[in-house]
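Worth saying up front: this structure is predicted, and the values here are computed from it rather than measured.
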2 protein chains.
Amino acid sequence: MSSEELAAWGQTTAAQVRKDLSHFGSFGKRGLGYQAGELCESLRTLLGIDRSWKVALVGAGRIGLALYEYPAFRSRGYDCVAIFDSDPEKIGTAWGDQSICSLDVFEKVMEERGVELVILAIPADAAQEVASRAVEAGVNGILNFAPIRLNVPAEVPVEDVNLVMELEALSFQIKQRKQDV
Amino acid sequence: MSSEELAAWGQTTAAQVRKDLSHFGSFGKRGLGYQAGELCESLRTLLGIDRSWKVALVGAGRIGLALYEYPAFRSRGYDCVAIFDSDPEKIGTAWGDQSICSLDVFEKVMEERGVELVILAIPADAAQEVASRAVEAGVNGILNFAPIRLNVPAEVPVEDVNLVMELEALSFQIKQRKQDV
DNA sequence: CTTACTTTGTGCATGTTGTCTCAACGATGT
DNA sequence: ACATCGTTGAGACAACATGCACAAAGTAAG
């Protein structure tokens, strides 16, 4: 596969593809292109997705459920090993093979099950506290759905997903294009 | 509120705040700073979020449900005026005040209800077809949760949300920091 | 009115990112 | 063996974003 083909596939330019890849090493053969299978494998290793990760889900609401049932998660190596919620009615009930735990036992469960990643699917006002506790418990990274900027040490990466902001970005783009016309 | 305060709030620098705002006009007063309320209002207008948008939800699965029930949506002016699904068992049943429609009447409903934005919460293999039909029906923008790159004309903005990629980005960052140490 | 103080908006320097171009290199065919 | 073709990897260059510094402008106080 040539950089040209890869570029078409990824909506970019051939030069960009080559330059990006060259940051990590030399994967292609001149005159031939890149061997797709090998390249994939190398990239998986580089990105750290050539293994499975142990994930805890905090928040057993609608978003939590959607994530938990999302098949692509498990198939890409993200194993949900714990679910937490603060609602006493939910604690003890089970989703699939996981029973929902109280936040009272957060630290204990996190350590016992060797959780590496935490997904925060809880309201904004509870997110910071849980995030801090997760960092304290030695979590490696946080995927945050709450609409606030978490205050955590720089060593702990945070990825934010803000659904309303995605819609607002759309609104802005639409407005822009209408004005251009 | 000074640019300094705004910067602290938004995790950036005062100069950055001023420069970004200056792209859109002159909002502050020298010696005084920015008047928060006025600034918010101006930005809302600039971003096109000073009005409400009519949204159709395609896909009445877990993710669709999570979005539909997400209170921040409605409160920010995104009104869900239609829900579509291909599952015959779901068609006709209701969520809240919306009854789920068949994709057979997609074009008709889209026009009747004046849908402006479409949210695709369906599997990847169905997403392209619905996207094309939505464009044909004159939609203004698409929020896409399916893990594929939609092929649509440049006039129609698309925002992609790929949850697995977010986790993979986390994995990469974690790997990077571990190597640095 | 004048002076001291605060804060914006912008020109300038610097660093980062994307694009273009081309020599180096491997494969293929004569 | 040799020339030709296709493609990479890297250096040069242009575009863009970021950070700094300061004049302009407004406030407040004597």
Side-chain angles (χ1 to χ4, degrees), chain A residues 1-48 149-151 154-155 157-160 162 165-166 168-170 172-173 175-177 179-180, chain B residues 1-48 149-151 154 157-160 162 165-166 168-170 172-177 179-180:
Chain A
M1 211 173 193
S2 70
S3 56
E4 201 78 45
E5 282 179 272
L6 290 168
W9 214 84
Q11 309 250 349
T12 176
T13 65
Q16 190 69 57
V17 170
R18 293 206 297 277
K19 180 144 274 192
D20 287 353
L21 291 176
S22 75
H23 279 295
F24 294 106
S26 219
F27 301 102
K29 279 204 174 60
R30 296 172 191 223
L32 268 181
Y34 300 86
Q35 177 122 12
E38 264 179 40
L39 180 59
C40 270
E41 218 33 65
S42 303
L43 288 180
R44 296 181 72 79
T45 307
L46 272 168
L47 293 174
R149 253 183 203 282
L150 295 177
N151 200 337
E155 312 89 75
V158 175
E159 285 284 323
D160 287 294
N162 190 324
M165 270 180 75
E166 301 283 345
E168 292 179 345
L170 254 192
F172 175 60
Q173 290 183 52
K175 189 174 168 147
Q176 288 293 96
R177 312 213 182 183
Q179 276 176 357
D180 287 352
Chain B
M1 212 174 191
S2 70
S3 56
E4 201 77 46
E5 281 178 272
L6 289 169
W9 215 83
Q11 310 249 346
T12 177
T13 65
Q16 189 71 60
V17 169
R18 293 204 299 274
K19 184 143 276 190
D20 287 354
L21 290 177
S22 76
H23 279 294
F24 294 105
S26 220
F27 301 101
K29 279 205 173 62
R30 298 177 189 220
L32 267 182
Y34 301 86
Q35 178 122 12
E38 264 179 40
L39 180 60
C40 271
E41 218 34 66
S42 304
L43 288 179
R44 296 182 71 81
T45 307
L46 272 168
L47 292 173
R149 251 182 204 284
L150 295 177
N151 201 337
V158 175
E159 285 284 322
D160 287 294
N162 189 324
M165 270 179 74
E166 300 283 345
E168 291 180 345
L170 254 191
F172 174 61
Q173 289 183 52
I174 293 170
K175 191 180 165 137
Q176 287 293 96
R177 311 212 184 184
Q179 276 173 0
D180 287 352

So, OP1 or OP2 of D:dG6: does either fall under 4.0 Å of a side-chain N or O from A:Tyr34? no
Here the distance between atom C1' of C:dG18 and atom CD of A:Gln11, to the nearest Å, is 17 Å
Apply side chain to side chain contact (heavy atoms under 4.5 Å, CB included) to the pair A:Gln173 and B:Val158, showing each step before the final yes or no. CA-CA 9 Å; A:Gln173 290 183 52; B:Val158 175; over 6 Å; no
From CD of B:Glu5 across to P of C:dT7 the rounded distance in Å is 9 Å
note: A:Glu4, atom CD; C:dC20, atom P; distance rounded to Å ~ 11 Å
Rounded to whole Å, CG of B:Asp20 lies from C1' of D:dG19 at a distance of 12 Å
- [ ] Verify the neighbour count for atom CE of A:Met165: are there more than 12 heavy atoms of other residues, nucleotides or ligands below 6.0 Å?
- [x] no
note: A:Gln35, atom CD; C:dG26, atom C1'; distance rounded to Å ~ 15 Å
Below 4.0 angstrom from OP1 or OP2 of C:dT7, is there any side-chain N or O of B:Ser2? no
Separation of D:dA28 atom C1' from B:Leu32 atom CG, nearest Å, is 11 Å
Verify the contact: side-chain N or O of B:Arg18 to OP1 or OP2 of C:dT8, cut-off strictly under 4.0 Å; return yes or no.
yes
Counting distance alone, no hydrogens or angles: does the base of C:dT7 have a donor or acceptor under 3.5 Å from a partner atom on the side chain of B:Arg30? no
Margin query: Base of C:dT19, side chain of A:Lys19 - is there a donor-acceptor contact under 3.5 Å?
Written below: yes
For A:Gly28, is there any backbone N or O sitting under 3.5 Å from a side-chain donor or acceptor partner on A:Arg18? no
In whole angstroms, the gap separating P of C:dG9 from CG of B:Leu21 amounts to 8 Å
B:Gln16 CD to D:dA17 P, in whole Å, measures 10 Å
Q) Taking OP1 and OP2 of C:dT7, is either one under 4.0 Å from a side-chain nitrogen or oxygen of B:Ser3? A) no
Quiz item: With no hydrogens and no angle check, is any side-chain donor or acceptor of A:Glu5 less than 3.5 Å from a backbone partner on A:Ser2?
Solution: yes
